[in-house]
Asks: 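One structure coming up, written as structure tokens, with questions to follow.
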Amino acid sequence: MTEQERINFKAKKFLVLLFVIASFMLFAGLTSGFIVYTGGSVDRGLKIILPQAFKLSTLLIVLSSITMHMAYLSAKRLQLNQQKMYLLLTMGLGIGFFVLQLSAWQTLIGQGIYFVNPNASQSFIYVFTGAHLVHVFAGLMMVLAAWLGGVKNIPQANNLFRLETASIFWHFIDILWIYLYVFLLLNQ
Amino acid sequence: MASTAHDTAVHHDDHGHHHETFLTKYVFSQDHKMIAKQFLITGIIMGVIAMFLSVLFRLQLGWPDKSFPILETFLGKWAEGGRIKPDFYLALVTIHGTMMVFFVLTAGLSGTFSNLLIPLQLGARDMASPFINMLSYWFFFLACVIMMGSFFVESGPASAGWTVYPPLSALPKAISGSGLGMTLWLMSMVLFVASSLMGALNYISTVLNMRTKGMSLWRMPLTIWAFFLTAITGVLSFPVLVAAVVLLIFDRSFGTSFYLSDIVMQGQVLPNQGGSPILWQHLFWFLGHPEVYIVLMPALGITSEVIATNSRKPIFGYHAMVYSLIGITVLSFIVWGHHMFLTGMNPFLGGVFMITTLIIAVPSAVKTFNYLATLWRGNIRFTPAMLFAIGLVSFFISGGLTGIFLGNAALDINLHDTYFVVAHFHLVMGSAAIFGMLCGVYHWFPKMFRREMDERLGYLHFWITFICAYLVFFPMHFMGLDGVPRRYYAFTEFEFMKEWLTVNVFITWAAIVASLAQLAFLYNFFHSIFYGKKTTQNPWNSNTLEWTTPVEHLHGNWPGEIPTVYRWPYDYSKPGHNEDFIPQTTPFSETMSSNVAHDFEGNAEAELLQAEYAAKGTKKSVVAAKPVAKAAAKTAKKPAAKKKTTPTKKA
């Protein structure tokens, strides 16, 4: 790899980090909005017990972070088959997370806690999880791209680049969910 | 992902011989210089449209009872009987504000000059991701098309003001502009935010990762510092606008109640309960206030560069300039409440926002005084760019002073939502940032288009615009002090406002003359692209790296290796040197006659060489007997008299 290419990869990896910061600001904005809104009146606030599915989904996404890291380590060691396997596992866990979040929505609806709600604090649960799921979808696409790179056996420098960017983003999604979940728990 | 990997592969070291088609060179270009030009020309077109909108509503304000049949010819039902309708008047001010703030002064300004100058002044082949850079332009283009498209829907464009406060923006049936026009406004803004985020991420990554050898952060020109900090401000604030807009879309289209409560419309009680319109204001102004600095900071950076170059003096207080930009960046995030003093905010909180707001006056004043100190006793060249730079300083002072009035919560209770506010921000961010942008266009036109703009037309453009801008906005202070509210459709409807009608006529005439003056600019700009005088490589005798690139544009900017940087960018009129500028690429070994102790930053070897050179200088050994360094021999032939400044200090 030439010096110029090395710099370009570094700059692009940095782009992903910056995007993570921008995304974080989106959620900082939303959660601040929640605080401002909820603080406005005693009628507002979550006033519910969060669905149990969130506990399980938290477990899944933490596990997926571990498999993502394993995939990255395999890529560094040039173990292509293991890399692909771990990436598939990550995707599987990610999809599982996605499904669990949707089932949590169903639980909420079953309890009569709708998105369209005079207590918008409760609407915020859908906004937080929904915006997070959009990020999970983007993360899944990145993991898929990394997996396809493994299947097509692209050059190692590119392969590693895809792995690194995907894992930065995937770990972010993981940490973001933990942040959101803890935030919701603290306001329960 | 696939695409980024692809452009890495394309973007290799061999530049200048890619196979280019019309489409890849002019339309879907990934070259930062071409993208800069795309941003500039789109920005100028949007600027002209937004200016035209302002003339339309000025006609209404100047002559509320008069009929202009030509308006009906062009605007149809929005100007029945030749008079602009109230709904359309609101749409005009809304879209004027939106276009000017976002499309002209954010995308047109940052998009143009960050794209052009970041790689060129830092010594990079291109941006971190040229592909994302291209996307950034096309998202912006799409945003412009959609915003313009809202003029062609039956219910007209958004009309809730550029801050789109709910409930007006959240209830599609509130007024005609709250319908499809508002939806299009929101779509356009989402695309615009995506565009500016892609741009900003690229700028930051390029500045931090792709500087050439020797270009430490403290050797970056102030333009780059300004673009860099602007991009950081954008990355931290625009996502919050997205959050606000997402909630607004849910309120509009899904029936949620984030912002809506207790509303009765046309006799009907709406089901939305429990929402808080103040929440929108918090989220919006958390972007909205930093946005003001996103608009202004690039202009300040450009001005720093142009004033130093054309005063032929080092910028006064380079470090202070950088720290004040950093100060403005940080403070810009903790002042948003000053837009909301009248929302029933806790007076203690209002006090906090007041103090943070007034503190911004400190870095702003540092910058102003540094500009003035740079001009002080400079060898000033009054190029059109320089005039616009000085114009910016003027507006920044006169508009900034009224900021101190408005930042004060007690005074703001009286001045809020009056023409005093309109006067304030049109001077301090509107006119100042536009002048910064025009200053940049005149200064870097030769770099962009390889030709020069006509100076005489430039002077004409400057003087008329400068004088008219004051004639338009200065009287508004007095209207505001008299309590005249902004956004009102007809001054004839209220007894106390009638006496201001004559002033409005005056302002409208000044605005029309100012608009006509822009024709001089437009002609000059577009004519010079094709027929201007051909330029030389470094027409302003400037120090920065962009003037070391060949006049003909290359993909990759420099043929062969990227030059190394040895010094800061402001070595103008350095005592002891035979020219009044020393480019950043000139090593100290070639300027032995002008080096000072500070230049070596503690490099002992260089200091020793300089001391030996100095010792010889005092002995008046004009011809070096034993050159200690190859470079010393080169400069030693210069007259000894010129060298007296440094040696004595050094010894």
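By convention in this document, chain letters (A, B, ...) are assigned in the order of the sequence lines, proteins followed by strands, and residues within each chain are numbered from 1.
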Asks: Would you say R162(A)'s side chain and A145(A)'s backbone share a donor-acceptor pair under 3.5 angstrom?
Replies: yes

Asks: What are the residues of residues 244-254 of chain B, in order of number, with any heavy atom under 4.5 angstrom from a heavy atom of chain A?
Replies: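 Under the 4.5 Å heavy-atom cut-off, L247(B), F250(B), F254(B) qualify.
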
Asks: If I measure from the heavy atoms of chain A, does L197(B) come under 4.5 Å with its side chain, its backbone, both, or neither?
Replies: side chain

Asks: For Q188(A), does the CD atom have more than 12 heavy-atom neighbours from other residues, nucleotides or ligands under 6.0 Å away?
Replies: yes

Asks: Please classify the contact between L241(B) and chain A as side chain, backbone, both or neither, with a heavy-atom cut-off of under 4.5 Å.
Replies: neither

Asks: Find the one option among G234(B), A243(B), A124(B), S276(B) whose heavy-atom pairs under 4.5 Å with chain A are most numerous.
Replies: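 Max contact count across the listed options: A243(B).
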
Asks: Please classify the contact of F27(A) with chain B as side chain, backbone, both or neither, using a heavy-atom distance under 4.5 Å.
Replies: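 Interface part for F27(A): neither.
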
Asks: Going by side chain to side chain donor-acceptor pair (under 3.5 Å), name the residues that satisfy it together with N117(A), two or more places apart in sequence or in a different chain.
Replies: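 N117(A) satisfies side chain to side chain donor-acceptor pair (under 3.5 Å) with Q122(A) once adjacent residues are dropped.
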
Asks: Could you list which of residues 28-41 of chain A have a heavy atom closer than 4.5 Å to any heavy atom of chain B, in residue-number order?
Replies: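 At a heavy-atom separation under 4.5 Å, chain B is reached by G29(A), L30(A), G33(A), V36(A), Y37(A).
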
Asks: With a strict 4.5 Å heavy-atom criterion, list every residue of residues 88-107 of chain A that contacts chain B, or say none.
Replies: none

Asks: Return yes if some donor-acceptor pair links the side-chain N/O of S261(B) with the main-chain N/O of G274(B) below 3.5 Å, else return no.
Replies: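 Between the backbone of G274(B) and the side chain of S261(B) there is a qualifying donor-acceptor contact (under 3.5 Å).
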
Asks: Taking it one step at a time, do F172(A) and F24(A) satisfy ring-ring contact (aromatic ring centres under 6.0 Å, His included)?
Replies: CA-CA 9 Å; F172(A) 163 66; F24(A) 178 75; 7.3 Å; no

Asks: Taking every non-hydrogen pair under 4.5 Å, which of I278(B), I204(B), V240(B), V242(B) racks up the most with chain A?
Replies: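 Sorted descending by pairs with chain A, the first entry is I204(B).
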
Asks: Look only at the side chain of T206(B) and the backbone of A128(B), and say whether a donor-acceptor pair between them is shorter than 3.5 Å.
Replies: yes

Asks: Report the relative orientation of the aromatic rings in F192(B) and F238(B); use parallel for angles under 30°, tilted for 30 to 60°, perpendicular for over 60°.
Replies: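 Taking F238(B) first and then F192(B), their aromatic rings stand perpendicular (interplane angle over 60°).
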
Asks: Is there a ring-ring contact (aromatic ring centres under 6.0 Å, His included) between F9(A) and F161(A)? Walk through the geometry before answering.
Replies: CA-CA 7 Å; F9(A) 271 132; F161(A) 173 73; 4.8 Å; yes

Asks: Might you work through the side chain to side chain contact (heavy atoms under 4.5 Å, CB included) test for L171(B) and L260(B), ending with a clear yes or no?
Replies: CA-CA 9 Å; L171(B) 299 169; L260(B) 296 172; 3.8 Å; yes

Asks: Picking from K10(A), K13(A), K12(A), what satisfies salt bridge (Lys or Arg N to Asp or Glu O under 4.0 Å) with E164(A)?
Replies: K13(A)

Asks: Would you check if the side chain of N115(B) reaches a backbone N or O of G111(B) as a donor-acceptor pair within less than 3.5 Å?
Replies: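 Such a contact is found between N115(B) side chain and G111(B) backbone.
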
Asks: Where the side chain of T343(B) meets the backbone of M340(B), is there a donor-acceptor pair that is under 3.5 Å apart?
Replies: yes

Asks: Could you give the distance from CD (Q30(B)) to NE2 (H555(B)), rounded to the nearest 0.5 Å?
Replies: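 Between atom CD of Q30(B) and atom NE2 of H555(B) there are 8.0 Å.
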
Asks: Is S205(B) reaching over with its side chain to a backbone N or O of F14(A), donor-acceptor style, under 3.5 angstrom?
Replies: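 Absent.
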
Asks: Is L283(B) close to chain A through its backbone or its side chain, or both, or neither, when contacts mean heavy atoms under 4.5 Å?
Replies: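 For L283(B), the contact with chain A is made by the side chain alone.
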
Asks: Between H338(B) and V335(B) (side chain of the first, backbone of the second, donor and acceptor by atom type, cut-off under 3.5 Å), is there such a pair?
Replies: yes

Asks: Can you confirm whether or not the ring centre of F54(A) sits under 6.0 Å from the ring centre of W177(A)?
Replies: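 They qualify: ring centres under 6.0 Å apart.
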
